[in-house]
Student: 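Next up is a structure, given as structure tokens.
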Amino acid sequence: MALLAAPMEEQLHRTRAFSIAEAEAALAATCRQEEELELELEKLYGRSAHLCQSESRSLARAGEQHLQLPGAIRKLQETLQQTSGVADELSGRVRKLDVVCSRVQEALKLVDNMLELRECSDQVMKSITAEDFEQAARYVSRFRATQDNLPPGTDDASVRVLREAEVQLGAVVRKRFEAAMAAKDSAAVSRFAKLFHPLGLTGEGVQKYVEFIRRSLAEKCAVEFRVLAPSFGKRVDAGPTPYAEALTNIFVGIADIIQEHQQAIEEEFGPENFISFLRGLLEESDIQGLRILDKFTKDNAKVFQQEASVDMRDVGRVLEETALLTQRTQQFDTYIRGVAQGVVELFTDRAAFVESLPEGHSQKDGLMELSKLVHRVQELVSKYVCVEQTFLLQSVEKALHETDSLDSSDPEQLTTTLVDDAFFILQQSMLRAITTCDINAVCAVVNHVNGAISGEVRNALLSNLAESKRIYQAWVTYNKNISPPGNREHPLAALFLDAEGKPRPNLSAANSWPHSLNNLQQCIEYLDKLKEATETAFDEYFPSEGPDKDKRLMFQQCAAELDATKAELEGLHLTKCKEGLQMLKVQLSPTLLPLDSLNYEIDEGQYADYQVNDPFAKAFSAQAEVLHLHLRAVLNPASCEEVMQQMADQTCRRVEKAALTKRFTLYGALQFETDVRALCSFFTSVSEQALRHKFARLFEMSSLLNLESVAELRELYGEMRTWRLAPEEARKLLSSRVDFDATPAELQVLLPG
């Protein structure tokens, strides 16, 4: 135990010694830190003392300033009160000065007025005596401008002289104006008309001036009307449209008057009175225009009453002139309203102008909303539409049934005159209606034209097709008739001969089915041209920004009916092409008969024989080529193309139907593919349009029949493609392959459905 205690005491002694050293070091460090803190505190204390001294001085200064503030405020108040008093005193002086100045100005003005009044009274009678009426009118005008401002006690003698002068000058001006009107002295009329305004007689002056203009215009119109007195048919120098020319001359004369006098009237009488001037001109145009229209209607009463004895050429001429009369009236009405509207837009007080308008007048232009002449023209347009419809139908009927002609000497003339004549008449009616500038007439005639195409023209085409089909169907049964003709010989020459071999007289579309079908196709083409020409003319006479822009939709809806008629004719054309193919089948059917008995269950030797001696496709293509040459010679390209398209379509369906009834070997499948490709190659060579899609089902049949194993079938149907053959048809074809190793169950799995 004693041995163990000795080492432990030694260790404890070392631990104590180490702890004391550490404590001494820590104590020294703490003392240094204490010294640093004391230094920092001394610095902070010094700063705080300095800051307190500085703030104390600032507070002392602020206290002193606060003590001085009430005195400064009182001093500012006193200054402001003094300034306000001075300002009030100055403003009172200024007001007094303004009053004095205004009184001085009034006094000066009064002196000027008195001097001017004295001068006017001294000079006005001298000017009247010297017939210097313009100067006298200026004196009176100056007196009128100042008389309301004259104070009581003004020189009564001067005022009396001036008022007497005003009355005397007014009487002289009226008398001289009447004399100038009687003498038809335009310069004097213009001179004295201008004197009404300074005399305060503006309304009377405008009225008298308009009266003179209307009287002059009426005399000019009387000359124009006398030209129409005898019947225009008896006058050698009469134009083709004398009434329209007379009416146009009136409108041109009024337009010239407006251009000549507008500026002067606006300057002398004001824009408001120019509107009155325009009203007078519009009234005169109604009077003179109605005289011409009444005479036109009376002289052509037989036409408007649609008497049967009237010659069609006279009806056409009257319709042309009616359209021109309507057009000129509409254009003049638009012109004069445009002028008036331009003047009205310059008015500053529109409300007062609107309030002063007479009943039935437009707020836009100040004129009557519907003039008598325009109303009369609208009535005339109603008659025009009825006559136009009758004329249209009679002319079309004549072109369809009386004048239709077929030129048998020209093999390149594939149509008769029927379509050209009918559509010329239809287009003339449409364009004539558009020139009336009356949207209702245009739409009515468009509907009549469309009705004639879908009615009379269509019925005539059907009648010709039915009549000519009877002849052509019997004629085409002879193979020699469809053989290529000789040089410059008409391919239908034999069709145009009677039973005795003599040329048929008066040939028309009813004698030739190909010409009748070509007429139908040409109608479809002409419909597009007719619509295009109509829309072009309509845009010219009814611009998109014109006064009738809101009515354009009505025309567009009527014109759209032509598209419906075109679609109807296209459907009819398709039907007749199918009928034509049906007639030609008599030449084609024998070449399809071998297909029914053709055996595709052949071996390699038979396949080689088929390659040399083709049993079906070559003979069919040869006969189809003969038919194609005939069709190309007698039909226009569109009709020929449609017949060949129908032939290809029906041929494909015929071969498909036969293929589903036969049995095949692999060599038979190869032969079937050869036949399909030969047919497709022929039809592709003779067609302008793509038709390979018509052979798509046959090519799918060929692909299936040429498969050699189920693996190939699985690979073929695994491709991403759309099959036109139904699964049932595909299974039936594969089952017809006698050498294809696949059970019905496998085919059902691979070709479900």
Side-chain angles (χ1 to χ4, degrees), residues 240-241 244 312-327 381 384-405 413-461 464 509 518-543 552 554-570 573 636 638:
T241 55
M312 292 294 290
R313 289 172 295 183
D314 291 337
V315 177
R317 176 188 50 74
V318 171
L319 288 174
E320 289 288 346
E321 189 155 16
T322 303
L324 194 55
L325 286 167
T326 306
Q327 177 196 115
V381 166
Y384 160 82
V385 171
C386 296
V387 176
E388 182 71 72
Q389 181 183 15
T390 303
F391 175 76
L392 170 69
L393 294 178
Q394 291 179 351
S395 300
V396 169
E397 285 287 344
K398 185 176 181 180
L400 296 176
H401 302 294
E402 297 180 22
T403 62
D404 185 28
S405 175
Q413 185 62 42
L414 303 179
T415 59
T416 64
T417 61
L418 180 153
V419 179
D420 284 333
D421 292 348
F423 272 83
F424 174 79
I425 295 167
L426 296 172
Q427 180 166 316
Q428 288 299 106
S429 292
M430 294 266 268
L431 298 182
R432 181 164 52 234
I434 290 173
T435 59
T436 63
C437 297
D438 187 294
I439 188 67
N440 295 317
V442 174
C443 292
V445 173
V446 170
N447 290 333
H448 293 331
V449 167
N450 186 54
I453 296 173
S454 60
E456 284 72 13
V457 174
R458 179 178 178 275
N459 292 338
L461 293 171
N464 290 335
N518 291 335
N519 285 344
L520 175 57
Q521 174 58 32
Q522 193 175 38
C523 278
I524 297 172
E525 295 175 1
Y526 278 11
L527 252 177
D528 285 333
K529 296 179 180 179
L530 176 64
K531 185 181 178 184
E532 180 181 358
T534 302
E535 291 175 339
T536 301
F538 184 82
D539 289 337
E540 178 182 353
Y541 285 92
F542 297 86
R552 286 172 60 88
M554 183 166 60
F555 166 78
Q556 292 168 358
Q557 291 174 345
C558 293
E561 294 298 319
L562 294 173
D563 294 329
T565 300
K566 177 188 173 184
E568 183 181 354
L569 293 180
E570 287 175 337
H573 178 258
N636 57 35

Student: Is the side chain of Thr390 donor-acceptor paired with the backbone N or O of Cys386 at a distance under 3.5 Å, no angle test?
Tutor: yes
Student: How long is the straight-line distance from CD of Glu540 back to OG1 of Thr435, given to the nearest 0.5 Å?
Tutor: 10.0 Å
Student: Answer yes or no: is there a side-chain heavy-atom contact under 4.5 Å between Asp421 and Thr403?
Tutor: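 In short, these two side chains touch, coming nearer than 4.5 Å.
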Student: Would you say that Leu562 contacts Thr534 through its side chain, given a criterion of any heavy-atom pair below 4.5 Å between the two side chains?
Tutor: no
Student: Can you find a heavy atom in the side chain of Leu319 that is under 4.5 Å from one in the side chain of Phe391?
Tutor: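 SC-SC contact between Leu319 and Phe391 confirmed.
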Student: Atom OG1 in Thr415, atom CG in Asp420: separation rounded to 0.5 Å?
Tutor: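 One gets 5.5 Å once the value is rounded to the nearest 0.5 Å.
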Student: So, for Ala452 and Leu426, which heavy atoms are closest and what is the spacing to 0.1 Å?
Tutor: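 Here Ala452 and Leu426 meet closest at CB-CD2, 4.1 Å.
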Student: Rounded to the nearest 0.5 Å, how far apart are CD of Gln428 and CG of Leu392?
Tutor: 11.5 Å
Student: Testing the basics here: between Ser429 and Val445, what is the closest heavy-atom pair and its distance to 0.1 Å?
Tutor: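 Scanning both residues, the minimum pair turns out to be O-CG1, 3.6 Å.
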Student: Take Tyr541 and Thr436 through the side chain to side chain contact (heavy atoms under 4.5 Å, CB included) test and state the conclusion after the steps.
Tutor: CA-CA 9 Å; Tyr541 285 92; Thr436 63; over 6 Å; no
Student: From Leu530 CG over to Lys566 NZ, what is the distance, rounded to the nearest 0.5 angstrom?
Tutor: 12.0 Å
Student: For the side-chain contact (heavy atoms from CB on, under 4.5 Å) test, which of Leu527, Val419, Leu418 pairs with Gln522?
Tutor: Val419
Student: Would you name the heavy atoms of Leu569 and Cys523 that are closest together and state the gap between them?
Tutor: CD1-CB, 4.3 Å
Student: Side chains of Val385 and His448: does their closest heavy-atom pair fall under 4.5 Å?
Tutor: yes
Student: Apply salt bridge (Lys or Arg N to Asp or Glu O under 4.0 Å) to Asp563 and Lys531, showing your working.
Tutor: CA-CA 9 Å; Asp563 294 329; Lys531 185 181 178 184; 2.6 Å; yes
Student: Would you check if Ile453 and Phe423 make a side-chain contact, meaning some heavy-atom pair closer than 4.5 Å?
Tutor: yes
Student: At what distance, to the nearest 0.5 angstrom, does CZ of Arg552 lie from CD of Gln557?
Tutor: 13.0 Å
Student: Write down the atom of Gln327, the atom of Cys437, and the distance for their closest heavy-atom approach.
Tutor: CG-SG, 3.7 Å
Student: Mind listing the closest non-hydrogen atom pair of Ile425 and Ser395 along with its distance?
Tutor: CD1-O, 3.4 Å
Student: Would you call Arg317 and Arg313 a side-chain contact if the rule is heavy atoms closer than 4.5 Å?
Tutor: no
Student: To the nearest 0.5 Å, tell me how far Asn636 CG sits from Asn518 CG.
Tutor: 4.0 Å
Student: Would you check if the distance from the ring center of Phe542 to the ring center of Phe555 is below 6.0 Å?
Tutor: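 Phe542 vs Phe555: aromatic centres not under 6.0 Å.
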Student: Please assess Asn440 against Met554 for the test side chain to side chain contact (heavy atoms under 4.5 Å, CB included), listing each intermediate value before the final yes or no.
Tutor: CA-CA 9 Å; Asn440 295 317; Met554 183 166 60; 3.7 Å; yes
Student: Which of these, Thr416, Thr417, Asn464, Asp404, sits in a side-chain hydrogen bond (donor to acceptor under 3.5 Å, both in side chains) with Asn519?
Tutor: Thr416
Student: Dump the intermediate steps for side chain to side chain donor-acceptor pair (under 3.5 Å) on Glu320 and Thr241, then the final yes or no.
Tutor: CA-CA 8 Å; Glu320 289 288 346; Thr241 55; over 6 Å; no
Student: Is there a side chain to side chain contact (heavy atoms under 4.5 Å, CB included) between Phe538 and Ile439 once you walk through the steps?
Tutor: CA-CA 10 Å; Phe538 184 82; Ile439 188 67; 3.5 Å; yes
Student: Compare every heavy atom of Ala244 with every heavy atom of Leu325, then report the nearest pair and how far apart it is.
Tutor: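 Here Leu325 and Ala244 meet closest at CD2-CA, 3.5 Å.
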